[in-house]
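Some notes on the structure that comes next.
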Amino acid sequence: MDKTYQPDAIERSWYQKWEQQGHFKPTGEGDSYCIMIPPPNVTGSLHMGHGFNNAIMDCLTRYRRMQGRNTLWQPGCDHAGIATQMVVERQLGAQGVSRHDLGRKPFIDKIWEWKEESGGTITNQIRRLGSSVDWSRERFTMDEGMSEAVKEAFVRLHQDGLIYRGKRLVNWDPKLHTAISDLEVENVDEKGFLWNLRYPLADGAKTAEGLDYLVVATTRPETMLGDAAVAVHPDDERYQALIGKEIILPLVNRRIPIIADDYVDREFGTGCVKITPAHDFNDYEMGKRHDLPLINILDRDAAILPNGQVFSIDGTLNSDYDAALPDQYAGLDRFDARKLIVTEFEQLGLLEKIDDHNLKTPRGDRSGVVIEPWLTDQWYVDAKTLAKPAIKAVEDGDIEFVPKQYENMYFSWMRDIQDWCISRQLWWGHQIPAWYDETGKVYVGRDEAEVRSDNNLGNDVILRQDEDVLDTWFSSALWTFSTLGWPEKTKFLKTFHSTDVLVTGFDIIFFWVARMIMMTMHFVKDDEGVPQVPFKQVYVHGLVRDSLGHKMSKSKGNVLDPLDLIDGIELEDLVTKRTANMMQPKLAAKIEKQTRNEFPEGINAYGTDALRFTFCSLASTGRDIKFDMGRMEGYRNFCNKIWNAARYVLMNTEQQDEQGDCIGALDCGQNGDEVELSLADRWIISRLQHTEQTIEKALDEFRFDLAAQALFEFIWNEYCDWYLELSKPVLWDENASEAQLRGTRRTLVRVLESALRLAHPFMPYITEEIWQRLAPLAGLSGDTIMHQPYPQAEANKIDVQAEADIDWLKGVILGVRNIRGEMKISPAKHINVLFSSKADSSAEDQARLNANQQFLKKLANLESATWLADSTQAPLSATALVGEMEVLVPMAGLIDKDAELGRLQKELDKLGKLINQVSGKLGNAKFVDNAPDAVVAKERAKLDEANSAKAKLQEQYDKIAAL
RNA sequence: AGGACUAUAGCUCAGUUGGUUAGAGCGCUACCUUGACAUGGUAGAGGUCCCCAGUUCGAAUCUGGGUAGUCCUACCA
């Protein structure tokens, strides 16, 4: 083995082998365990969030697989309608071609081409991350099977009356020319204005103050062209008399009523609100209550309708009104119209004032432009009905969120859910399986033939399929079951559904998790007809942020490709990567500066295992993770530590024993050879059991951080720091018996082999690489560690006595080292150390000293370790305490008097503080009376120990001070 | 406006049902290249657990109220 750990040398070949040998496929044996990958956008690339997400899913998958579960982790990608279409449109745009120039079919072909071209990026990344997904079952949301499932789902929902088509106000994206759902709208804080406009009263009416106009305030003056009323609060005394009267709407000179409605806030502005039912969601509702006309003034570009025509809801020229829109607005962009209207109001003396105003602007999450509420025909899913069982499933615990608090977020959204607009005016996606005849009548069916036969439509009837496609999230809502073969009742569906756990970020709970639950429970039933949940648990993790705590995003230029942490990247390459395809050159300069600042040396290659271990160790509950390069470097070093520990073990055990001699039960030799375990052997085996317990519990509770920490501490702080050191005096002892040597060799191998299996879900590559070398020494064989059993703690291997003995031994060694360190005694110097104790327990101390001579001498670098029967004969010494026993390092020639006094004083101060604290507690009668006996006893023991230690050290102090 | 989460060492984070002398890694200081490992070893320094009040014999931990930050939902035109 190389002297240092080289991740790139081992990672790629192992993944290939695993995949080729089919190790990722379900074994077909044991209880099933299934995770569905949250499908990333097929034309994108994985970022750190995906890396994190994958590390956790693979950890769970490998853990359960090793536990013997019939494990399926299924991969796949999403077609990501809008995002993908935008990318390809932009590419075409660079060549000066629009999708309309191309036409629908060729454009879709183009996207498929692009998908084939870029689709490999993600699968390659998933492979490099070591994810043990079953590639033979890879799916895509637009592949044939899923397309069938989508059609089936749509048709069935329609039959069940849960999908309907209707003309409503929708969130219209004037840039992308499509409707979007509420969730795709981001409300952004922006500074704007509140225009106060005067609306003249008709028929000579006057306000209470004698004015002949009302003042309305608006943030969108251009919508006044579509006003249908002015509303006041019914109890507002100022305007009581005017309710039922009319306004002459300026510019268009249309008469509109003054109405009363509770919705109006009397305190805001003048208490008068202009009502534009066709261009505002609240006004739309009010319009329905008061039977107001819907006056559509915008076309799909969010410009004023051409020719200044006002259209009503059905798109026809509105004849109910005396005036159409003034010609000067015809075809104007909404923001230009706004300016013009304000100007004209001013000229007419109807502009009361303009106030600064902070408002939330609705913007499309993809396009970034201001969303316009617009009247259109769209398809909707009746979410309220579907939500009911979905809410109940979480209430009843059939689905459990981890951490629990996300259930509240889920409930609050689901209990107030709005119908889901699922049609999109795009080309890339699942075209809606609905057909129209020439009268506009709509028919829903799986295909045109079915529609014709179901509705007795002859070939003379011309049918035209709906041009719209479905929201991407419609198909991903079917992900868990459609990918297993639904609507067919496949074996896989039966075996793996419900899936076990969904691993995802909180940002898509509404987009995806909630909708999956609704759809799955509607469509998938078990043999008794009981709705199945898509997954039993949802593990919700935080976002991965950069070192400054900022969200990683392309536009901020702070994204990291997980592969760049695995393979490393030069600074210049990273800068290029981050600033490529930037829309604004100014931004590119900023990003370049920031990148050079954060990674002045570029990024080192850390390897997949270190990256994954870092993700796991940062995966605490319910909080975002700030990615810390320092920690990753630490875990790369951890890999190196494991590597070198393995080198040591192999170096000392290979070609020493018969193959298989180290296997299995520790108490007897496989080949009848005698085996004797040292104290250290028994201790490390005992510690291993604790570690196995801790890790199993942590993983069962999704505490990857605690599991990682337990693993780290066991391997580094116990196995490497202590056990390997303790093995040396045995292995290098010329007088050691074969049985002793064999015992230590066997323990070295056996414990490391177990640790590798424990670590495998976190660090698949290094563990496999080492395991292949080590397994034969443990008498094990197998193609791969990934199908070996996950270690399980055995209570009978916990050795309390050995743990106590080693604690004592560590205490002695640490005491001597402390004196050495503080007294500046060269580590190379062999020293003589004396031990003594007046306490009753001295027999045990003495026995331990005798038993552990060789360990002590080696680890504390002692010349001699001598028990002093009569402590009064001790020469002047520096002192450390282990329990009641004094560890004495004679001062002569070694130790500076003042330094030792200083060191003792420090210890005495510490003890003094402790004694004050504890005796204060024990002096409090209320504490003694109320606290549990065990707690009081513990405090007493603590005090006794501290007092006795203090006395001993004080005695030493006085003795030295007296010199 | 409502809600959630966070606040512990210089930095990144643990701290399970209240009882620890409050921990880890990185960084820092000193020493050490000893036959697995300098991507290392040994020793050490470093904390008013955000603030205030309360409950309790006892609070980093529980309750209430602040402050600061992050986020979600809704929204007043």
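Computed from a prediction, not measured in an experiment: that's the story for all the values here. A note on names: the letters A, B, ... follow the listed sequences, proteins ahead of strands, and every chain is numbered from 1.
- Residue A:Cys720 is the one, among A:Cys720 and A:Asn637, whose nearest nucleotide of RNA chain B lies closer to the 5' end (criterion: closest heavy atom).
- Remark: A:Lys641 fails to qualify as a cation-pi partner of A:Tyr719 under the 6.0 Å distance and 45° angle criteria applied to the six-membered ring.
- The aromatic rings of A:Trp716 and A:Phe712 are tilted relative to each other, their planes meeting at an angle between 30° and 60°.
- Nearest to the side-chain atoms of A:Lys360 among the listed nucleotides B:C75, B:A77, B:C57 stands B:C75.
- Nucleotide B:A60 is matched to nothing when pairs are restricted to Watson-Crick or G-U wobble geometry with both distances under 3.5 angstrom.
- Comparing B:C13, B:U39, B:G41 by their closest approach to the side chain of A:Asp721 singles out B:G41.
- Under the ring-ring contact (aromatic ring centres under 6.0 Å, His included) rule, A:Phe52 has a single partner from A:Tyr539, A:Phe704, A:Phe615, which is A:Phe615.
- Candidate nucleotides B:C75, B:U21, B:G44 were compared by shortest atom distance to the side chain of A:Glu822, and B:G44 ranks first.
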TODO: Kindly determine whether A:Glu822 and A:Arg903 satisfy salt bridge (charged side-chain N to carboxylate O under 4.0 Å, His left out), including the steps that lead there.
DONE: CA-CA 7 Å; A:Glu822 300 263 300; A:Arg903 197 184 67 89; 5.7 Å; no
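- Residue A:Asn930 places at least one side-chain N or O closer than 4.0 Å to OP1 or OP2 of B:C57.
- An OP1 or OP2 oxygen of B:A77 is reached within less than 4.0 angstrom by a side-chain nitrogen or oxygen of A:His357.
- Dashed line: the shortest gap from a side-chain N or O of A:Lys938 to OP1 or OP2 of B:G19 is not under 4.0 Å.
- Spacing between B:A74 and B:C62 at atom C1', rounded to whole Å, works out to 32 Å.
- Nucleotides B:U20 and B:G15, compared at atom C1', are 10 Å apart to the nearest Å.
- Pairing for B:C28 is with B:G44, a Watson-Crick or G-U wobble pair whose two hydrogen-bonding atom distances lie under 3.5 Å.
- Put simply, A:Lys858 has no side-chain N or O that comes within less than 4.0 Å of OP1 or OP2 on B:G35.
- B:G25 has no base stacking with the ring of A:Phe638 when judged by centroids under 5.5 angstrom apart and an interplanar angle below 30°.
- Residue-to-nucleotide contacts include a donor-acceptor pair under 3.5 Å from the side chain of A:Glu725 to the base of B:A36.
- Proximity note for A:Gln709 (side chain, C-beta onward) versus B:A77, B:A14, B:C37: the nearest is B:A14.
- When distances run from any side-chain atom of A:Lys906 to the nucleotides B:C5, B:G41, B:G44, the shortest one goes to B:G44.
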Open item on the list: Set out, in order, the CA-CA distance, both residues' side-chain angles and the distance that settles salt bridge (charged side-chain N to carboxylate O under 4.0 Å, His left out) for A:Lys942 and A:Glu945, then state yes or no.
Closed with: CA-CA 5 Å; A:Lys942 208 194 283 175; A:Glu945 200 181 324; over 6 Å; no
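- For A:Leu194, whose side chain is taken as the heavy atoms from C-beta onward, the closest listed nucleotide among B:A77, B:G35, B:A14 is B:A77.
- In the interface, the side chain of A:Arg817 is not paired with the base of B:U42 through any donor and acceptor atom under 3.5 Å apart.
- Within a 6.0 Å sphere centred on CG of A:Asp700, heavy atoms belonging to other residues, nucleotides or ligands number more than 12.
- Taking atom CG of residue A:Leu731 and atom C1' of nucleotide B:A36, one finds them 12 Å apart after rounding to whole Å.
- OP1 or OP2 of B:G41 has at least one side-chain nitrogen or oxygen of A:Trp716 nearer than 4.0 Å.
- Remark: A:Ser620 is in phosphate contact with B:A14, judged by side-chain N or O atoms under 4.0 Å from OP1 or OP2.
- Base pairing of B:C5 is made with B:G69, judged by Watson-Crick or G-U wobble geometry with both donor-acceptor distances under 3.5 Å.
- Under the Watson-Crick or G-U wobble criterion, with both distances below 3.5 Å, B:A38 is left unpaired in every strand shown.
- Distance from the side chain of A:Asp628 is smallest for B:U12 among the nucleotides B:U12, B:C57, B:A77.
- Listed nucleotides B:A38, B:A43, B:A36 differ in distance to A:Lys3; the shortest reach to its side chain belongs to B:A38.
- Put simply, the side chain of A:Lys824 and the base of B:C31 share no donor and acceptor less than 3.5 Å apart.
- Toward the 5' end of RNA chain B, the nearer of the two residues A:Lys697 and A:Asn358, judged by each one's closest nucleotide, is A:Lys697.
- The two residues A:Arg220 and A:Pro373 come nearest to each other via the heavy atoms NH1-CD, 3.8 Å.
- In this structure, the nucleotide among B:A36, B:U21, B:G44 sitting nearest to the side chain of A:Gln917 is B:U21.
- Checking B:U21, B:C37, B:A36 against the side-chain heavy atoms of A:Tyr648 singles out B:A36 as nearest.
- B:U16 atom C1' lies 15 Å from atom CG of A:Asp700, rounded to whole Å.
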